[in-house]
Amino acid sequence: CSTQVREIFEGHWAWCSSLSKQVGKQYELIAREDISEEEVICEYTGVVRRLEPVSSSKYLAQLYFPAELEPGFKLEIDAENYGNEARFINSVTKETIGVKQNASMSTVWCRGKLRVVVYSLRDIPRGDAIVVDYDEHKTSYFETSQENRKRREEEKAERGRKREREKEKEKEKE
């Protein structure tokens with residue numbers, strides 16, 4: 001596995017005092033080795049069930065279920081008791097300063113089942129935290145719209161163009 005869990009303390013950018021009162025220790029997920037752009041980092045696992053109106057779980061995520069299969073059918077993954085290390089991924093907010101999202105979550109079909117994977121949006125150096133944006137997809141943690149996919153493709157293309165410009169500048173210097 002390319003990640004490891006590390007405890008965080010008060011003063012850390014992702015520290016939440018109200019969560020601390022509820023669960024005690026808090027953690028983050030970091031890269032144990034360099035992770036390349038668009039690499040699948042891990043799968044988000046837990047108990048999959050129909051979306052409940054109210055849940056006390058601290059590690060709950062909605063799962064995108066294709067509307068063409070069953071309109072209005074919503075699932076959630078509760079990782080509190082049966083999840084893996086992915087449940088310790090923290091999120092940036094509009095107020096977060098100096099920390100940027102470097103990963104996202106997406107649903108994929110694998111052997112006839114829906115799975116949720118965490119993948120890198122850019123290269124993540126060893127020791128850096130894996131960071132998502134819980135509000136990225138508005139009503140879900142996971143990619144649910146063509147608009148989001150299109151934006152991602154445009155961002156990736158822009159990063160590629162930037163790398164090419166940097167390579168050209170390096171060649172000019174030689």
Side-chain angles (χ1 to χ4, degrees), residues 1-7 14 19 23 25-92 100-160 163:
C1 184
S2 61
T3 60
Q4 71 184 54
V5 176
R6 176 170 62 192
E7 187 174 356
L19 183 62
V23 299
K25 294 182 180 181
Q26 295 180 47
Y27 303 92
E28 68 180 347
L29 191 65
I30 63 168
R32 188 180 341 188
E33 55 194 45
D34 291 342
I35 297 172
S36 301
E37 180 178 348
E38 293 196 347
E39 184 177 331
V40 172
I41 300 169
C42 58
E43 180 179 0
Y44 190 97
T45 63
V47 176
V48 178
R49 62 181 182 224
R50 282 190 179 264
L51 184 68
E52 296 178 2
V54 178
S55 176
S56 62
S57 176
K58 313 314 180 272
Y59 303 100
L60 195 64
Q62 289 183 14
L63 172 64
Y64 166 63
F65 193 85
E68 63 271 13
L69 296 179
E70 190 172 339
F73 186 74
K74 294 185 179 179
L75 296 172
E76 62 187 7
I77 301 175
D78 183 349
E80 186 167 20
N81 296 311
Y82 299 102
N84 62 357
E85 73 276 4
R87 66 182 165 183
F88 299 115
I89 295 173
N90 289 308
S91 172
V92 293
K100 293 187 177 180
Q101 175 184 10
N102 59 17
S104 188
M105 297 170 126
S106 186
T107 52
V108 296
W109 284 102
C110 181
R111 297 181 181 169
K113 294 183 180 181
L114 276 175
R115 303 279 193 185
V116 176
V117 295
V118 179
Y119 64 96
S120 58
L121 298 175
R122 59 179 174 277
D123 291 345
I124 303 172
R126 179 178 188 253
D128 278 12
I130 311 301
V131 181
V132 298
D133 180 352
Y134 292 162
D135 294 327
E136 177 181 16
H137 308 298
K138 304 302 176 236
T139 60
S140 173
Y141 294 167
F142 313 118
E143 194 152 348
T144 60
S145 72
Q146 287 294 97
E147 184 179 303
N148 286 331
R149 288 186 193 104
K150 184 178 178 186
R151 180 177 51 83
R152 287 240 180 275
E153 289 169 7
E154 289 169 358
E155 289 171 356
K156 180 182 175 188
E158 180 56 36
R159 286 192 302 272
R163 279 195 294 270

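Along the sequence shown, residues carry numbers from 1.
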Going by the rule side-chain contact (heavy atoms from CB on, under 4.5 Å), which residues pair with [X] if we only count those two or more places apart in sequence or in a different chain?
{"X": "Tyr82", "answer": "Val47"}
{"X": "Val108", "answer": "Arg115, Val117"}
{"X": "Arg126", "answer": "Asp34"}

Any side-chain heavy atom of Val118 within less than 4.5 Å of one from Met105?
yes
May I ask you to test the Leu121-Asn102 pair for a side-chain heavy-atom distance under 4.5 Å?
no
Sequence neighbours left out, what passes salt bridge (Lys or Arg N to Asp or Glu O under 4.0 Å) with Glu39? Give chain and number order.
none
Spacing of [atom1] belonging to [X] relative to [atom2] belonging to [Y], to within rounding of 0.5 Å:
{"X": "Arg32", "Y": "Gln4", "atom1": "CZ", "atom2": "CD", "value": "5.5 Å"}
{"X": "Ile130", "Y": "Ile89", "atom1": "CD1", "atom2": "CD1", "value": "6.5 Å"}
{"X": "Ile35", "Y": "Thr3", "atom1": "CD1", "atom2": "OG1", "value": "7.0 Å"}
{"X": "Ser91", "Y": "Asp133", "atom1": "OG", "atom2": "CG", "value": "5.0 Å"}

Where [X] and [Y] come nearest, the two heavy atoms and their spacing:
{"X": "Asn90", "Y": "Glu28", "result": "ND2-CB, 3.3 Å"}
{"X": "Val5", "Y": "Phe88", "result": "CG2-CD1, 3.7 Å"}
{"X": "Ala103", "Y": "Ile41", "result": "CB-CD1, 4.1 Å"}
{"X": "Glu85", "Y": "Cys42", "result": "OE2-CB, 3.8 Å"}
{"X": "Ile124", "Y": "Ala31", "result": "CG2-CB, 4.1 Å"}
{"X": "Glu43", "Y": "Ala86", "result": "O-CB, 3.8 Å"}

Please confirm whether the backbone N or O of Glu38 pairs with a side-chain atom of Ser120, one donor and one acceptor, at under 3.5 Å?
yes
Between the side chain of Ser2 and the main-chain N/O of Glu33, is any donor-acceptor distance below 3.5 Å?
no
Partners passing side chain to side chain donor-acceptor pair (under 3.5 Å) against Thr45 (at least two apart in sequence or in another chain)
Asn84
Residues that Arg122 engages under side chain to side chain donor-acceptor pair (under 3.5 Å), provided they are two or more places apart
none
Is the shortest distance from a Lys or Arg side-chain nitrogen in Glu37 or Arg163 to a carboxylate oxygen in the other one below 4.0 Å?
yes
